[in-house]
4 protein chains.
Amino acid sequence: MAAANSRRVPRAERERQMLDAAVAVFARRGYRAASMDEIAEAAGVSKPLVYLYLNSKDELFSACIRREAAALTAAVRDAVEEGATPERQLWSGLLGFFEHAAVHPDGWTLLYSQARTVGEPFAAEVAVLRAEIVAFVAALIAAACGSRDVEAYAHALVGAAESLAGWAAAAPAPAPTGKELAASLMTFAWSGLSRALPAPDPEAAGGSSAAEG
Amino acid sequence: MAAANSRRVPRAERERQMLDAAVAVFARRGYRAASMDEIAEAAGVSKPLVYLYLNSKDELFSACIRREAAALTAAVRDAVEEGATPERQLWSGLLGFFEHAAVHPDGWTLLYSQARTVGEPFAAEVAVLRAEIVAFVAALIAAACGSRDVEAYAHALVGAAESLAGWAAAAPAPAPTGKELAASLMTFAWSGLSRALPAPDPEAAGGSSAAEG
Amino acid sequence: MAAANSRRVPRAERERQMLDAAVAVFARRGYRAASMDEIAEAAGVSKPLVYLYLNSKDELFSACIRREAAALTAAVRDAVEEGATPERQLWSGLLGFFEHAAVHPDGWTLLYSQARTVGEPFAAEVAVLRAEIVAFVAALIAAACGSRDVEAYAHALVGAAESLAGWAAAAPAPAPTGKELAASLMTFAWSGLSRALPAPDPEAAGGSSAAEG
Amino acid sequence: MAAANSRRVPRAERERQMLDAAVAVFARRGYRAASMDEIAEAAGVSKPLVYLYLNSKDELFSACIRREAAALTAAVRDAVEEGATPERQLWSGLLGFFEHAAVHPDGWTLLYSQARTVGEPFAAEVAVLRAEIVAFVAALIAAACGSRDVEAYAHALVGAAESLAGWAAAAPAPAPTGKELAASLMTFAWSGLSRALPAPDPEAAGGSSAAEG
DNA sequence: TATGAATGAGGCTTCATTCAT
DNA sequence: AATGAATGAAGCCTCATTCAT
């Protein structure tokens, strides 16, 4: 009824379809409110098949988290320009993050909103992911500014990025692009952290919003 | 059995007990996973009494949100030094926010983590609260910098504040104080927004005057 | 639908009704094939009430076993004439056993047929009960005959009693009475064990079938 | 995966494998708790093949009962020394029974414990088997003693034999041998039934002649 | 001969909610 | 003001069974 799937699909593809459906439903409803019935229908299969392949609601949710976390970290890792200045690395990482969040809003919501509020053991999985990101950002900040209080700054920056991603996802039609968001956040934060910076060159910083928009 | 409550408590007091219990349970478990049984037991009353006073799980949750939102906005409003400079207003508001969040972790979790992830109609109530805060911050930013992109900056700042509050709540024993958090955030953000600031050391940016006490 | 129970029954009585129904259903269907739906209907209550009072199918089954085991051991213990000769004690115990089994066929079936074939942990509970009975019988045999191989004889005697009880339960209309069964078994076994017995006096032995029938 | 079975096995062999697996699983778990999945895996084949050959769980269980019942009756029939005295016939039949039960514990459990507790129609099949055995024993008793109450005695004797077989199956390491069990039971019962026997020592009662080997 | 893919039906359990006192 | 007794509805999960190859 949901999707006009062809019968007799190989297992790997079915699993992907199920995970797609599950991510969407979990993101929209949350872990508890999502029903396996709804997920199965969204995937276009019967409930027992979901259990045959993914064992339980817990394991299904966990598989969703792991898949989306892997996709997000891969997107950011691939976006970061290795070898560039810390500032430029941060810029490119933010850009990768915002663009991934824009393209995969369900995955983003799953990680950011849902998985963190569900109790253990899921929250722990996401906490690890977030801690890695914070540590990465903290390292960049330390490399660039040698600032004290690096951890607080990193948490603030990550929180700001998350907030902007959520804002953009909920924004009406012409939502801010990833580039605009990254530029805003760099302007907002970076020049504050490295207050010595003379006149933040748009190109060096990754592009100010004025130059890019 | 849960709490050795005396029988025959006046209604207002009983309602407060119930809301206290409900906020704690909702914060810890989330809306769906919280059961009316657990809430009633935590409040030390029978379930029918909870229904007699608060009508339904939905209304109970809504009442929790409203009470905690009112408490949070009151705390911030009371903390803001009216008539001061925008910078100083922001500093004092952040301080009020962090201190309230530290003292009322369940209320903070309820608003920040749980109410936002539950579907409508609750998310809307919290979204309104957040929008008000963002608008207030945006106005301060505009007054101080005349910056374009004010809305993005406001979202970033609010997200940073939320992230720091969550970090502090989860931090081990000597958690950062509200003052430290506010100072970090002001340093991180404010001096970035008004790049012209001469010597943005934490004290100068965070509140140099009598407000420190 | 099942029983025209009056509403609002005190808990203790409701629990008894539920256990009665559960013993009957478990005895007839076995643990796995019995459904909580059928038990609830047989008890004349809704399923949630069964769970409210008895927690789970496992615990319900366990409660049935314990209740029926206690009833059976009490019936046998009360029937045994303490201080009498071993032979007479065995006779009176068998009589108590057969009469209890005849009056409580569901309880008997539950213990003898169903609980033993279900896996752990239930089988262990019944195994303990049976071991106690075998030990009691073995002691009587030893006291009376000083026989070697007492344990094997006790197992044989208990098995014979169980078989006779099952036969009587399944027999058509004029089923053998407890007295007849006990007399048959005493004739069958006792005089074999104490082959020295000269001419088993019906009264001393508890009554031969000819004398009693 | 379960058993490294070679592909393309002839049907008769495959059916035997399946029945072996099914008897083991049914004996261990009971009819309801045994799953076709577990049976198929234990047999080292896929589930559809089990259905192709044996049609349904009911028919599979029925086939198991019939095979094990036939094996048991064949074992007893082959063991009985035709033409010998009733006493000797009973002795040899018991010996055959105990030895078969010891060698085929799963088959024995299936017939004695599981098939009888499952509802119709299986219980009827086993009831027929048991009735035949009881009738055979009753005839021997009648032939030997001319006793009244022959049916009760036969039920008692069969029950005693079953109990001893179960005891031996559950006994620790040096379990009683079939010969020991048969001797105990003959001593216990036979000399009781025919109280006249002069010196019913186990050897005399159990089989004094060449049958001992 | 043999199997990977798939499902309708049903069972255990929990929960928000109400009734009668 | 307060509660013990009770239930309709819904969710997670498993199982016997079949289809298409």
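Here the structure is a predicted model, which is why all the values come from computation and not from measurement. Throughout, protein chains are lettered first and strands after them, A, B, ... in sequence-line order, and every chain is numbered starting at 1. Note that these values count all heavy atoms, side chains included, but never hydrogens, waters or copies made by symmetry.
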Please list, by residue number, the residues of residues 50-61 of chain C whose heavy atoms come closer than 4.0 Å to an atom of DNA chain E; answer none if no residue qualifies. C:Y51, C:S56, C:K57
Specify the separation, in whole Å, of atom CG of B:D37 and atom P of E:dT14. 11 Å
Quick one: on DNA chain E, does C:S35 or A:R11 contact a more 5' nucleotide (nearest heavy atom)? A:R11
Any donor-acceptor pair under 3.5 Å between the side chain of B:K47 and the base of E:dT17? yes
Kindly state each residue pair satisfying salt bridge (charged side-chain N to carboxylate O under 4.0 Å, His left out) with at least one member in residues 22-36 of chain D, sequence neighbours excluded. D:R29-D:E38
Check the distance between F:dC15's C1' and D:I39's CD1 and give it to me in whole angstrom. 12 Å
If you pin A:P48 and A:A33 to their nearest nucleotides in DNA chain F, which one's is more 5'? A:A33
Can you see which heavy atom on D:M36 is nearest to which on D:Y51, and at what distance? CG-OH, 3.5 Å
Identify whether any heavy atom of C:A34 sits under 4.0 Å from a base atom; if not, whether one sits that close to sugar-phosphate; answer base, sugar-phosphate or nothing. sugar-phosphate
Between the side chains of D:T109 and D:Q114, is a donor N or O closer than 3.5 angstrom to an acceptor N or O? no
With no hydrogens and no angle check, is any side-chain donor or acceptor of B:S113 less than 3.5 Å from a backbone partner on B:L110? no
Let's see if you can work this out: which of E:dT3, E:dA5, F:dA1 has an atom nearest to the side-chain heavy atoms of D:S46? E:dT3
Counting only side-chain nitrogens and oxygens, does D:R14 get under 4.0 Å of the OP1 or OP2 atom of E:dA2? yes
Atom CD of A:E13 and atom C1' of E:dG4 are separated, to the nearest Å, by 15 Å
Can you name the salt bridge (charged side-chain N to carboxylate O under 4.0 Å, His left out) partners of D:E13, sequence neighbours left out? D:R16
Checking C:K47 now: which residues fulfil side-chain hydrogen bond (donor to acceptor under 3.5 Å, both in side chains) with it, not counting sequence neighbours? C:D37
What's the closest nucleotide to the side chain of A:V9 if the choices are E:dA6, E:dA16, F:dG11? E:dA6
Using the C1' atoms of five pairs at each end, what's the angle between the two axes of the helix from E:dA2-F:dT21 to E:dT21-F:dA2, to 10 degrees? 30°
Hey, does the Lys NZ or Arg CZ of C:K57 hover above the aromatic six-ring of C:F26, less than 6.0 Å from the centre and inside 45° of the axis? no
B:A42 and B:V25 have their tightest heavy-atom pair at CB-CG2, 4.2 Å
I want to confirm an ordering. Mapping C:M36 and A:P10 to their closest nucleotides on DNA chain E, which one lands closer to the 5' end? A:P10
Taking CZ from C:R8 and P from E:dT18, how many angstroms apart are they, rounded to a whole number? 15 Å
Applying salt bridge (charged side-chain N to carboxylate O under 4.0 Å, His left out), which residue pairs with at least one partner in residues 106-124 of chain D are found, sequence neighbours left out? D:R116-D:E162
If you check every side-chain atom of C:L49, which of F:dG4, E:dA16, F:dT7 has the closest atom? F:dT7
Between C1' of F:dG4 and CD of C:E15, the distance in whole Å: 13 Å
